[in-house]
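Letters go in sequence order (proteins before strands), and every chain restarts at 1. The model shown is predicted, which means the values in this text are computed figures rather than measured ones.
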Amino acid sequence: MKTYPNPTIESIAGYVGQEVMLKGWVRRKRSSGKIHFVVIRDGTGELQGVVNKATIEAEHFERSAKLTQESSIIITGVPRAEPRASGGYEVDVTGIEIVQIAEPFPIQPKEHSTGFLMEHRHLWLRSRRQHAILRIRHEIIRACRDFFDDRDFTLIDTPIFTPNACEGTTNLFHTQYFDQTAYLAQSGQLYSEASAAAFGNVYCFGPTFRAEKSKTRRHLMEFWMVEPEMAFAELADAMDLAEGLLKMVMERVLERRQEELKTLERDISRLEAVVPPLPRVTYGEAIKLLQEKGVSIQFGDDFGGDDETVLASSFDKPVIVHRYPASIKAFYMEPDPETPNLALCMDVLAPEGYGEIIGGGQRIHDYDKLLARIKEHELPEEAFRWYLDLRKYGSVPHAGFGMGIERVVAWVCGLEHVRETIAFPRMLYTLYP
RNA sequence: UCCUCGGUAGCUCAGCUGGUAGAGCGUUCGGCUGUUAACCGAAUGGUCGCAGGUUCGAGUCCUGCCCGGGGAGCCA
């Protein structure tokens, strides 16, 4: 039996004039009687195949007449440059093997409601747009891993089942863990702090879970975070690291995912503007800026979604806001030695209304100070015994942050909602598919 | 949890002051040798979200519930 090269559609340009084999699915089919146009996709791209009755065996021509949307096929054919084709290439089909004739596909090339598409998420993934988004997501994740790996950060994965909550349990998913209750992790940070004392610079990358009843374009119940933590580091180091990470992510996507950005009709210039240095403003300056713009907000208030949007739209790149009042931040934030009611923390707000994509800062490394905070917040001291231990044995200033992957993907892709940034989003009350 | 909009054919929707169900797309069949969400002709298609009420009569009006979209709050 004759064998053929089996290139991906993405790489078809290198096979012009050579008979090749392509394995994939029928995107759609058009017919003009004695000539069929079959668009095939293989996961890397799509290509129009021309099935001509005059030049192909009758049996194969009849097979192509039977093809339905999403039928799986293996074809042989000869690629050639074709200015009339959308990708610039076409393949003259010489043979068709049908793997399966698909039943009528629920998703048509037309408008569908969000509810219908979410119900068919497992099939929706095949669409050009979802394909582009998820490939960009992959590129972003790869950039994050490369960024930390290149800098010799050690990957230390943190647990999903945790024995107790950082603060309260109302926003956490809980489950039975034999004879005790376990909570699904809402962050790997506390464990990363332990890892940092063992390995220096570390990061974790995994899913996190929050049972908040948030039904907004920025929230998912299950989302992924990359969380670096550095020993012997302070707030400024965390800000520098965040800036470097965003730079790398943006460079990689612009370099390797041009096609996908084009599919999404993303305004590239908004992404190209993301070049360090990023603007850095204190919380106090941010409040003043909002007040000047007519927002009624006072020192001590946390930012609402609209406030973040107003603030971020004052800059053409992400803005780093640092030194929030300690009262509106987590218990473990190191106080600013110059103004102790401020915390040495920072948030990075993405432009164009995408909101907080990074949150982090310097952690309290003094035992007594941390214990006092745990008591102030009325947290169960016993549960934090191991965390307090870290402040007893060679405690050092340390800092880090968490970056929410879905919000970054939504921003880079210019999406209206984070539900499209992950293959199978877990949304409020919706667990299918 | 609150506010708001919606649920009618596989999908997207129309359906007037209450009178018994419509279109486009899809699918199937036929036609067409360059189609781009092809086009032309024919056929196919319904527990009007669920339950109760008003009425001679309810997709339409009323009540309750369920589900979904958008927003708010919540959100280290």
A:A54 near the nucleic acid: base, sugar-phosphate alone, or nothing, with a heavy-atom cut-off under 4.0 Å?
base
Look at the aromatic rings of A:Y324 and A:F303 and report parallel, tilted or perpendicular, splitting at 30° and 60°.
perpendicular
Please check if any side-chain donor atom of A:S314 sits under 3.5 Å from a side-chain acceptor atom of A:K293, or the reverse.
yes
What integer distance in Å separates A:L184:CG from B:C75:C1'?
17 Å
With sequence neighbours left out, which residue pairs that include part of residues 420-429 of chain A fulfil the salt bridge (charged side-chain N to carboxylate O under 4.0 Å, His left out) condition?
A:R129-A:E420
Write down the distance separating the C1' atoms in B:C61 and B:C16, rounded off to the nearest Å.
15 Å
Only residue of A:Q362, A:E193, A:E334, A:E234 satisfying side-chain hydrogen bond (donor to acceptor under 3.5 Å, both in side chains) with A:H398 is A:E193
Sugar-phosphate only, base, or nothing, as touched by A:H36 at under 4.0 Å among non-hydrogen atoms:
nothing
Using the side-chain heavy atoms of A:K329, tell me which of these nucleotides is nearest: B:G34, B:U28, B:A76.
B:A76
Rounded to whole angstrom units, what separation is found between the OH atom of A:Y429 and the P atom of B:C67?
9 Å
Can you tell me which nucleotide in B:G34, B:U33, B:G73 comes closest to the side chain of A:T216?
B:G73
Rounded to whole Å, CZ of A:R30 lies from P of B:U35 at a distance of 10 Å
Is the distance between the ring centroids of A:Y203 and A:F148 under 6.0 Å?
yes
Could you give the distance separating B:U47 and B:A43 at their P atoms, to the nearest angstrom?
22 Å
Side chains of A:T208 and A:S187: donor-acceptor distance under 3.5 Å anywhere?
no
So does A:Y387 get a backbone contact from the side chain of A:R391, meaning a donor-acceptor N/O pair under 3.5 Å?
yes
Among B:C75, B:A76, B:G68, which nucleotide has an atom closest to any side-chain atom of A:T430?
B:G68
Compare the minimum distances between each of B:G34, B:U28, B:C74 and the side chain of A:T68, then state the nucleotide with the smallest one.
B:U28
Is the distance between the ring centroids of A:F153 and A:F147 under 6.0 Å?
no
Distances under 3.5 Å only, N/O to N/O: pair up the protein atoms with those of nucleotides 5-12 of chain B.
{"from": "B:G10", "atom 1": "N2", "to": "A:Q108", "atom 2": "NE2", "distance (Å)": "2.6"}
{"from": "B:C11", "atom 1": "O2'", "to": "A:H112", "atom 2": "ND1", "distance (Å)": "2.7"}
{"from": "B:C11", "atom 1": "O2", "to": "A:K110", "atom 2": "NZ", "distance (Å)": "2.5"}
{"from": "B:U12", "atom 1": "OP1", "to": "A:S113", "atom 2": "N", "distance (Å)": "3.1"}
{"from": "B:U12", "atom 1": "OP1", "to": "A:S113", "atom 2": "OG", "distance (Å)": "2.6"}

For the side chain of A:K215, counting heavy atoms from C-beta on, which of B:A76, B:C74, B:G70 is nearest?
B:G70
Round to the nearest Å and state the distance from A:L172 atom CG to B:C75 atom C1'.
12 Å
Considering only the P atoms, how many Å lie between B:C67 and B:C29, rounded to the nearest integer?
41 Å
Rounded to whole angstrom units, what separation is found between the CG atom of A:L117 and the P atom of B:G69?
12 Å
Using a cut-off of 4.0 Å on non-hydrogen atoms, how would the nucleic acid contact of A:Q69 be classed: base, sugar-phosphate, or nothing?
nothing
Please give, in whole Å, the distance from B:A37 P to A:I107 CD1?
18 Å
Any donor-acceptor pair under 3.5 Å between the side chain of A:S31 and the base of B:C32?
yes
Decide if the gap between the ring center of A:Y332 and the ring center of A:F384 is smaller than 6.0 angstrom.
no
Flag the pair A:F116 / A:W124 as yes when their ring centroid distance falls below 6.0 Å, and as no otherwise.
no
Nearest nucleotide by nearest heavy atom, which residue falls closer to the 5' end of RNA chain B, A:K66 or A:M225?
A:K66
I'd like the P distance from B:G10 over to B:C66, given in whole Å.
26 Å
So what does A:E90 touch, heavy atoms closer than 4.0 Å: a base, only the sugar-phosphate, or nothing?
base
Tell me the interatomic distance from A:Y354, atom OH, to B:C75, atom P, rounded to whole angstroms.
24 Å
Write down the distance between CZ (A:R218) and P (B:G70), rounded to a whole number of angstrom.
14 Å
Taking only side-chain nitrogens and oxygens of A:R419, does any of them come within less than 4.0 Å of OP1 or OP2 of B:G70?
yes
A:H417, nearest nucleotide to its side chain (from B:G73, B:A76, B:G70)
B:G70
A:P109 side chain, from C-beta outward: closest of B:U35, B:A37, B:A72:
B:A37
How far does the C1' atom of B:U1 sit from the matching atom of B:C62, given to the nearest Å?
27 Å
State which of B:G34, B:C32, B:A37 makes the closest approach to the side chain of A:R28.
B:A37
For B:U12 versus B:G46, give the span between their C1' atoms, rounded off to a whole number of Å.
16 Å
Please work out which of the three classes, parallel, tilted or perpendicular, describes the rings of A:H122 and A:H120, given edges at 30° and 60°.
parallel
Please evaluate the base of B:C75 for a donor-acceptor partner in the side chain of A:S214 within a cut-off of under 3.5 Å?
no
On a whole-Å scale, what distance lies between the P atoms belonging to B:G26 and B:C11?
15 Å
How does RNA chain B read in dot-bracket, base by base from 5' to 3', with Watson-Crick or G-U pairs under 3.5 Å and | used when the partner is on another strand?
(((((((..((((.....[..))))((((((.......))))))....(((((..]....))))))))))))....
Inter-nucleotide P distance (B:U44, B:G7), Å rounded
28 Å
Parallel under 30°, tilted from 30 to 60°, perpendicular over 60°: which one fits the rings of A:F299 and A:Y283?
perpendicular
